[in-house]
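Input: a single structure, listed below in structure tokens.
Per chain, numbering begins at 1; letters A, B, ... match sequence-line order. The shown structure was predicted, so the numbers you read here are calculated from the model rather than taken from an experiment. When reading the values below, keep in mind they use all heavy atoms of this one structure, side chains included, and skip hydrogens, waters and symmetry mates.
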Number of protein chains: 2
Amino acid sequence: MATGRTHRPATRSRGIPEATVARLPLYLRALTALSERSVPTVSSEELATAAGVNSAKLRKDFSYLGSYGTRGVGYDVEYLVYQISRELGLTQDWPVAIVGIGNLGAALANYGGFASRGFRVAALIDADPAMAGTPVAGIAVQHTDDLDRIISDNGVSIGVITTPPGAAQQVCDRLVAAGVTSILNFAPTVLSVPEGVDVRKVDLSIELQILAFHEQRKAGEDASADGEDPEAPPMRATPASRKGPDGDMPAVMPA
Amino acid sequence: MATGRTHRPATRSRGIPEATVARLPLYLRALTALSERSVPTVSSEELATAAGVNSAKLRKDFSYLGSYGTRGVGYDVEYLVYQISRELGLTQDWPVAIVGIGNLGAALANYGGFASRGFRVAALIDADPAMAGTPVAGIAVQHTDDLDRIISDNGVSIGVITTPPGAAQQVCDRLVAAGVTSILNFAPTVLSVPEGVDVRKVDLSIELQILAFHEQRKAGEDASADGEDPEAPPMRATPASRKGPDGDMPAVMPA
DNA sequence: GTATGTGAACGCTTTCACAGCT
DNA sequence: AGCTGTGAAAGCGTTCACATAC
């Protein structure tokens, strides 16, 4: 059974912490906006505000890249844009394949911000033979049967999975076998991949559930003893002694 | 100026760490799958594998909820499903409004996993008058002018923003003014919100850039001195002394 | 015997606060 | 005087390893 390693354990590239890497795109976006407004330099305070972080964090982050600022002045916008782009590997372009051209896959294919910075939709792949040849966002959809060849021919190393959950692992395996080493997974599935393959996931349902947790907390802040009907709770198999916190299972359960 | 607090600083609910909250949906999904297969109990090891984490982490996570397992046996699946659902606030249903019905908004409206667990698409809102009345996923799109009323009438406390980046902050402000206290933002924009409002963001572009970073690292692992043409780097305004690591700007720049 | 629940150790991330340049 | 760059401290999150309960 494949155990599947997701995200980075602690391999740490050339010393840039993962948390910092995750913020570089944020800084880059803010810097690009400044660049378009022809702003020549920016302070850590200003840039941090624009990126939605605090300035100490930003300075610490930049310190991992090198000393790219000027004391008493700030950072040169163009110069930083280049340095961060290079660090993120955006000075080359990355052909990307999207597998699963349903509503979401099509939406991503049409997404403008995709091509904007280094990424290029090189192929759209779907298992439905009826879709083969249909153009989506100006690109003809190709059939899964040719996945291997499509990946190889286009030198794709980043794959995006937007299939139904049931197909995700299989598609993932085929992508990896074809040479893909980075996967962005939109399917609500835990993917197993061999060592050396990176997986990041985007999961609408999980995000909503996290929001609901906090939302519930807010609502329950004043009204402690609720008067709402508590959904019929299932009984426990082993009715042993529990010691959960207040919100435990009701002592009486519905017949 | 609104400073805008994103995510949770460190308020920590009733003691459940944020990292744990973020994993509860994962456990819930794995447990639901087991439940559908009528599996009565599961060990921390098995469940951890299914959820893609290690068992120590899972047990630690569950310990924050209470002692819901049985030593020497494992966890009762149904019981845990109920406890986690309750903890996440999924025993009540959450009406959600989606603002910005373009490709992505429509895709989300059609997304099945949405309604599945406690969430219900209560309203679709768009600024384009031509879209008003058009049904998307069986729900008529309403115009932004009525946003306030729509939110109030439906008791929406969770909003999803899928507008173009330029409109996101304005839509966010209006949602918050109308009573929304949780926002899921798909627009590539840093949102400013007042204290007490939670924002989570989903950003395709950021995820791809993080993957590109690691991808670049993999590629450069053996080939140190690259032969690729390095995109013309911009010159620095202040040509002062830098001490960045190896990947510095080329000493000679293109004429 | 077996698997949970948890203090303690460890490592990563953030924040502080100030030395070091410009 | 002003702002960056960075050690040191504090805060979180993960992992270990074993006492505890079944």
>> The side chain of K60(A) is closest to which nucleotide in this list: dG7(D), dT4(D), dT14(D)?
In response: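 Among dG7(D), dT4(D), dT14(D), the one nearest the side chain of K60(A) is dG7(D).
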Whole angstrom is fine here: how far is it from [atom1] in [X] over to [atom2] in [N]?
X	N	atom1	atom2	result
Y79(A)	dT4(D)	OH	C1'	15 Å
R59(A)	dC16(C)	CZ	C1'	10 Å
D61(B)	dT14(D)	CG	P	7 Å
L80(B)	dT4(C)	CG	P	11 Å
E18(A)	dG11(C)	CD	P	18 Å
L58(B)	dT4(C)	CG	C1'	11 Å
D76(B)	dA3(C)	CG	P	16 Å
I16(A)	dC12(C)	CD1	C1'	16 Å

> Is the backbone of L28(A) close enough, under 3.5 Å, to the side chain of T32(A) for a donor and an acceptor to pair up by distance?
Replying inline: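 The answer is yes, because a donor-acceptor pair under 3.5 Å joins these two groups.
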> So, does T49(A) use its side chain to make a donor-acceptor pair with the main chain of E45(A) at under 3.5 Å?
Replying inline: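 Between the backbone of E45(A) and the side chain of T49(A) there is a qualifying donor-acceptor contact (under 3.5 Å).
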>> On DNA chain C, does the nearest nucleotide to A56(A) precede the nearest nucleotide to A19(A) from the 5' side, or the other way round? Give the residue.
In response: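 Residue closer to the 5' terminus by nearest nucleotide: A19(A).
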> Of T20(A) and G72(B), whose nearest nucleotide on DNA chain C comes first from the 5' end?
Replying inline: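 Counting from the 5' end, the first nearest nucleotide belongs to G72(B).
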> Salt bridge check: are D203(A) and R29(B) linked by an N-O gap of less than 4.0 Å?
Replying inline: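 A salt bridge is present here (some side-chain N lies under 4.0 Å from a carboxylate O).
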> At what distance, to the nearest 0.5 angstrom, does OH of Y27(B) lie from OG1 of T20(B)?
Replying inline: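 If we round to the nearest 0.5 Å, Y27(B):OH and T20(B):OG1 are 7.0 Å apart.
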Under 4.0 angstrom between [X] side-chain N/O and [N] OP1 or OP2:
X	N	result
R23(B)	dT14(D)	yes
N54(B)	dT15(D)	yes
S44(B)	dT4(C)	yes
Y75(B)	dG5(C)	yes
K57(A)	dT15(C)	yes

> Which heavy atom of V53(A) sits nearest a heavy atom of K57(A), and at what distance?
Replying inline: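 In terms of heavy atoms, the two residues are closest at CB-CD, 4.5 Å.
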>> Quick check: any donor-acceptor pair below 3.5 Å linking the side-chain of R71(B) to the base of dT4(C)?
In response: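 When only heavy-atom distances are counted, R71(B) does reach the base of dT4(C) through a donor-acceptor pair under 3.5 Å.
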